[in-house]
Amino acid sequence: MAVNFMLYNTTATTFLFIFTSLIPSFQAHDQVEGMFVFGSSLVDNGNNNYLRNSSARADYSPYGIDFPLGPSGRFSNGRNPIDVLGELLRLPSFIPPFSDPSTVGQRILHGVNYASGGSGILDHTGSITGEVTSMNQQIRNFEKVTLAEMQSHVDLKRKCDHLSKYLFIVGTGGNDYLLNYYTSNNRKTNILNFTHKLIATLSRQLRRLYDLGARKFVLFSIQAMGCIPAVRANLHVSNGSCVEAMNEAALLFNNHLKALVTKSPNSSMPHSSMIYINSYKIIRDIIKDPISNGFKETSKACCDLPSNGILCRKGGKACKDRNSHVFFDGLHPTDAVNERIAHIAYASNLKSEAYPTNLKNLVAQMYN
């Protein structure tokens with residue numbers, strides 16, 4: 001998938017986990033039931049494999065080179081953050097992708113992943129990559145298929161009656177800039193108004209999930225778009241610099257996203273809780289000081305990329321020292337970075353990283 005970015009003047013399936021004693025454990029009564037996941041390729045675990053006309057796919061080598069199931073549709077050499085969170089939460093298996101025909105019955109007990117690579121908050125985002133499943137459609141899939149199945153089966157209905165014991169993970173928004181705003185020749189709004197539109201739309205989508213039973217939300221920020229290899233290469237940025245105007249757009253969105261949490265959803269969504277995970281800061285901190293964070297390469301993709309490409313070349317090579325790279329392809333982090341993001345989301349006590357609390361504390365709140 002090749003994308004040309006145009007910079008404007010702006011201000012702005014089931015696999016049992018092997019757990020180690022290093023992973024914090026929950027008592028049985030503190031166990032989260034599972035996760036329902038919505039968003040883009042940063043959390044997609046294979047849904048786009050089943051789309052007939054999509055160029056945003058990662059079901060081929062070298063993707064999955066370090067993943068136990070090989071190329072699975074995850075946009076990484078190994079796990080994505082959802083996989084690592086599943087390990088930390090001691091879920092018994094990977095969260096299955098919605099589009100997999102086998103994601104029915106007992107397989108949905110611990111949640112479903114609806115995320116789609118290339119998708120965004122707006123319905124038309126990602127259309128340049130072919131078929132994607134928008135955020136609105138992902139929510140409809142949860143409502144019309146998964147929720148309906150849970151309600152119709154006696155052995156699943158108990159879980160459906162306790163959706164407050166599930167985490168609803170949302171990681172979306174970046175593609176609305178990268179595959180929409182910055183690739184459009186006919187934008188009719190400025191970056192501030194565009195961002196306001198995104199946040200207003202996402203607020204309605206979160207409200208819809210709440211109306212369907214969601215109570216515990218985990219919102220991931222969008223990453224530093226101006227630092228990804230595809231943008232740097234496309235805009236001919238050298239010397240390890242980032243495109244700060246695009247990072248300012250990301251910060252603008254993230255500040256508004258965090259405000260959704262700061263405002264406290266209890267006024268409009270009683271008995272709900274939201275936390276904000278600042279993956280922008282987590283990755284940017286690594287880029288600013290890679291050596292002390294255990295990394296070396298911060299600006300180049302680990303895998304071979306086609307000209308102006310975002311995704312790895314099919315059957316192409318991957319670097320040998322993948323744990324030292326921040327990015328596996330032109331956009332997506334390596335397993336090592338995804339692990340860092342998930343561990344910080346789970347346990348960080350820094351409000352600049354996990355606000356107003358971390359995921360471990362959010363889960364504990366379910367039983368208080």
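A heavy-atom distance below 4.5 Å is found between the side chains of L89 and L359. In this structure, T172 and Q205 have side chains that are not in contact, with every pair of non-hydrogen atoms separated by 4.5 Å or more. Between I65 and R322 there is a side-chain heavy-atom pair separated by less than 4.5 Å. Side-chain contact between T183 and L178 is absent, with no heavy-atom pair separated by less than 4.5 Å. Residues L257 and L202 form a side-chain contact, since some pair of their non-hydrogen atoms from C-beta on lies under 4.5 Å apart. Put simply, the side chain of F67 reaches to within 4.5 Å of the side chain of D83, judged on heavy atoms. Contact of the Y177 side chain with the T195 side chain is registered, since non-hydrogen atoms from C-beta on lie closer than 4.5 Å. No side-chain heavy atom of V37 sits less than 4.5 Å from a side-chain heavy atom of N45.
The main-chain N or O of S272 is never found under 3.5 Å from a side-chain atom of R215 such that the two would form a donor-acceptor pair. Using modelled atom types, no side-chain atom of N338 and backbone atom of V84 make a donor-acceptor pair closer than 3.5 Å. Proximity of a side-chain donor or acceptor of S241 to a complementary backbone N or O of V237 within less than 3.5 Å is not detected.
Each disulfide (SG to SG under 2.5 Å) pair with one or both residues in residues 311-345, not counting sequence neighbours, appears once here: C302-C319, C303-C312. Within the structure, the ring pair (Phe, Tyr, Trp, His ring centres under 6.0 Å) test picks out the following pairs touching residues 231-256 (sequence neighbours left out): H196-H256. Applying the ring pair (Phe, Tyr, Trp, His ring centres under 6.0 Å) rule to pairs touching residues 204-223 yields nothing, sequence neighbours excluded. Pairs passing the salt bridge (Lys or Arg N to Asp or Glu O under 4.0 Å) check and including a residue from residues 290-305, sequence neighbours excluded, do not occur. Sorted by first and then second residue, the disulfide (SG to SG under 2.5 Å) pairs with a member in residues 58-108 form an empty list; sequence neighbours excluded. Among residue pairs with one or both ends in residues 220-251, those qualifying as disulfide (SG to SG under 2.5 Å) are C227-C242; sequence neighbours excluded. Listed by first and then second residue, the salt bridge (Lys or Arg N to Asp or Glu O under 4.0 Å) pairs involving residues 41-60 are R57-D59 (not counting sequence neighbours). For residues 124-146, the salt bridge (Lys or Arg N to Asp or Glu O under 4.0 Å) pairs, not counting sequence neighbours, are E143-R208.
Contacts of D335 classified as salt bridge (charged side-chain N to carboxylate O under 4.0 Å, His left out), with partners at least two apart in sequence or in another chain: R79. Residues forming a ring pair (Phe, Tyr, Trp, His ring centres under 6.0 Å) with Y280 (at least two apart in sequence, or on another chain): none. The salt bridge (charged side-chain N to carboxylate O under 4.0 Å, His left out) search around K216 returns none, not counting sequence neighbours.
Listed here is the closest heavy atom pair of D176 and L122: OD1-N, 3.1 Å. The two residues I310 and A230 come nearest to each other via the heavy atoms CG1-CB, 3.8 Å. Contact record, M135 with G39: SD-N, 4.4 Å, taken as the closest heavy-atom pair. The shortest heavy-atom contact between Y276 and S221 is OH-CB, 3.4 Å. Of all the heavy atoms in M150 and Y166, the pair that sits closest is CE-OH, 4.1 Å. Counting all heavy atoms, side chain and backbone alike, L167 lies closest to V32 at CG-CG2, 4.0 Å.
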Let me check something: any side-chain donor-acceptor pairs from residues 350-357 under 3.5 Å, sequence neighbours excluded? List them with distances.
{"from": "K351", "atom 1": "NZ", "to": "P356", "atom 2": "O", "distance (Å)": "2.8"}
{"from": "E353", "atom 1": "OE1", "to": "S348", "atom 2": "OG", "distance (Å)": "2.5"}
{"from": "T357", "atom 1": "OG1", "to": "N361", "atom 2": "ND2", "distance (Å)": "2.9"}

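Using cut-offs of 30° and 60° for the angle between ring planes, the F36 and F168 rings count as tilted. Ring geometry for F75 against H332 counts as tilted: the plane angle lies between 30° and 60°, on a 0 to 90° scale.
Using a 4.5 Å cut-off between side-chain heavy atoms of Ile, Leu, Val, Met, Phe, Trp and Tyr, with links allowed through other members, L198 and V132 fall into different hydrophobic clusters. A continuous path of hydrophobic side-chain contacts links L212 to L260 [ILVMFWY only; heavy atoms under 4.5 Å]. In the hydrophobic cluster analysis, where Ile, Leu, Val, Met, Phe, Trp and Tyr join through side-chain heavy atoms closer than 4.5 angstrom, I275 is grouped together with V43. Residues M366 and I169 share a hydrophobic cluster, clusters being chains of Ile/Leu/Val/Met/Phe/Trp/Tyr side chains in contact below 4.5 Å.
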Give the intermediate values and the outcome of side-chain contact (heavy atoms from CB on, under 4.5 Å) for residues I283 and I341.
CA-CA 8 Å; I283 296 178; I341 292 171; 4.1 Å; yes
Under the criterion side-chain contact (heavy atoms from CB on, under 4.5 Å), I'd like the reasoning laid out for N180 against N175: C-alpha separation, chi angles, the key distance, then a yes or no.
CA-CA 7 Å; N180 187 337; N175 287 334; over 6 Å; no
Hey, mind stepping through F328 and Y63 against ring pair (Phe, Tyr, Trp, His ring centres under 6.0 Å) and telling me if it holds?
CA-CA 9 Å; F328 185 64; Y63 288 109; 5.7 Å; yes
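In this structure, R74 satisfies the cation-pi test against F94, with its NZ or CZ atom closer than 6.0 Å to the six-membered ring centre and inside 45 degrees of the ring normal.
Applying side chain to side chain contact (heavy atoms under 4.5 Å, CB included) to T129 and the options N48, N53, L179, L311 leaves one that passes, L179. Under the side chain to side chain contact (heavy atoms under 4.5 Å, CB included) rule, T334 has a single partner from N77, D329, D66, which is N77.
Counting only N and O atoms by type, the side chains of T125 and Y181 include no donor and acceptor under 3.5 Å apart. For the residue pair D100 / S102, a side-chain donor-acceptor distance below 3.5 Å is found, with atom types taken as modelled. There is no side-chain donor-acceptor pair under 3.5 Å between S268 and R207.
Taking CG of L219 as the reference point, atom CE of M274 lies at 5.5 Å (rounded to 0.5 Å).
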